[in-house]
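What follows is one structure encoded as structure tokens, with my remarks underneath.
Each ligand, and each atom within it, is numbered from 1 in the order the structure gives. This one's a predicted model, so the numbers in the text were calculated from it and none came from an experiment.
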Amino acid sequence: MAKATRILMCPPDHFHVNYAINPWMKGNEDQVSQEKAMQQWRALRDLVARFAEVVEMEPRQGVPDMVFTANAGTVAGKRAVVSSFAHKERQPEEQYFADWFRSNGYEVGELPKGVLYEGAGDSLFDRAGGWLWAGSGFRSDVEAQEFLADFLDVEVLGLKLVDERFYHIDTCFCPLSGGYLMYYPDAYDVNSNRLIEERVPAEKRIIVQEAEAAVFSCNAINVGQDIIMHECSERLRGELEKAGFRVHTTPLTEFLKAGGSAKCLSLKLDEPEPVAR
Ligand code: ARG
């Protein structure tokens with residue numbers, strides 16, 4: 001059966017940790033097992049392939065974080081806004097991702113010079129309302145939000161991150177089918193929490209605890225009623241199941257050393273998804 005959702009992934013042929021641009025990477029330089037990373041990535045790919053069509057892109061040398069395709073850009077329909085990375089270590093990826101979008105038929109939007117923005121790491125569609133949550137605070141500038149709204153023709157709601165462990169919104173915020181939201185509130189400032197509470201009704205907010213957020217439980221891939229993540233506590237699993245979801249876990253320890261997990265390793269290519277309430 002043809003799958004409705006396509007997901008972009010990049011094999012970890014050149015993945016390692018040899019610089020530290022987030023707190024998780026510190027002390028993990030040269031600690032990645034290449035073999036284990038490849039095994040874990042393949043297991044994730046095969047699991048994702050049960051629910052979506054996986055599209056693989058060519059891995060490039062010299063850009064070890066390119067496995068994190070969530071940071072390629074933000075897709076809406078056949079348009080894509082390409083990332084403009086905060087750190088020089090990741091900037092060479094911009095061209096590879098832009099080329100990929102162009103050669104796959106996307107109209108590519110380039111942010112005004114000097115505006116930082118890290119793609120779907122800092123932008124997530126609400127699954128019921130259709131608006132785009134966009135993050136700022138560590139990697140992406142607030143200025144990017146106006147461009148996103150214009151170029152992608154979507155409503156953009158800004159969220160401000162305040163805890164450096166959670167430097168992209170997808171590390172601590174995961175919109176789910178039917179308008180549910182799994183998130184770690186303490187990673188956001190007061191105004192952001194207010195906005196979330198205004199937009200997402202209390203019965204649809206699934207609050208994640210600090211220890212769960214710290215194993216990247218919010219960094220999950222959601223397709224329909226299925227959710228894929230690195231690790232899930234019994235408590236969180238219960239909450240998600242109560243809301244009608246099935247949770248699948250697969251170990252991603254090698255990627256956690258770089259500060260990323262399941263969602264970071266993927267980019268949804270068919271956004272926004274059809275609205276289901
Ligand atoms: N080491 C990468 C970085 O710091 C990890 C990126 C994780 N990606 C994400 N979408 N949260 O940029």
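- Checking His248 against Asp226 by side-chain atom types alone, a donor-acceptor pair falls below 3.5 Å.
- What sits closest to atom 8 (N) of ligand 1 on the protein, heavy atoms only, is Asn71 OD1, 2.9 Å.
- Within the set Asp170, Ile21, Ile169, Asn219, the minimum heavy-atom distance to atom 10 (N) of ligand 1 is found for Asp170.
- For the residue pair Gly77 and Pro272, the shortest heavy atom distance occurs at N-CD, 4.3 Å.
- If you number the atoms of ligand 1 from 1 as listed, the ones under 4.0 Å from a heavy atom of Gly259 come out as 7 (C).
- Using a 4.0 Å cut-off to heavy atoms of Thr171, the atoms of ligand 1 that qualify are 11 (N).
- Near Ala70, with a cut-off below 4.0 Å to any heavy atom, the atoms of ligand 1 are 10 (N).
- Near Ala258, meaning under 4.0 Å from one of its heavy atoms, ligand 1 places the atoms 1 (N), 2 (C), 5 (C).
- In this comparison of Ser266, Gly121, Cys264, the heavy atom closest to atom 7 (C) of ligand 1 sits on Cys264.
- When each of Leu124, Leu152, Asp122 is tested with Thr74 by the rule side-chain contact (heavy atoms from CB on, under 4.5 Å), just one qualifies, namely Leu152.
- A side-chain donor-acceptor contact under 3.5 Å links Tyr117 and Ser123.
- Side-chain contact between Phe255 and Pro12: present, with at least one pair of heavy atoms (C-beta onward) separated by less than 4.5 Å.
- By the 4.0 Å heavy-atom criterion, Tyr167 is counted among the residues contacting ligand 1.
- Contact check for Leu161 versus Thr171: no side-chain heavy atoms found under the 4.5 Å cut-off.
- In this structure, Met182 and Met229 have side chains that are in contact, with non-hydrogen atoms separated by less than 4.5 Å.
- Relative ring orientation between Phe101 and Tyr106 is described as perpendicular, the plane-to-plane angle rising above 60° on a 0-90° scale split at 30° and 60°.
- If you number the atoms of ligand 1 from 1 as listed, the ones under 4.0 Å from a heavy atom of Asp65 come out as 1 (N), 2 (C), 3 (C).
- Ranked by closest heavy atom to atom 4 (O) of ligand 1, the top entry among Arg139, Lys257, Glu118, His87 is Arg139.
- Within ligand 1, the atoms closer than 4.0 Å to a non-hydrogen atom of Met25 are 1 (N), numbered from 1 in the order shown.
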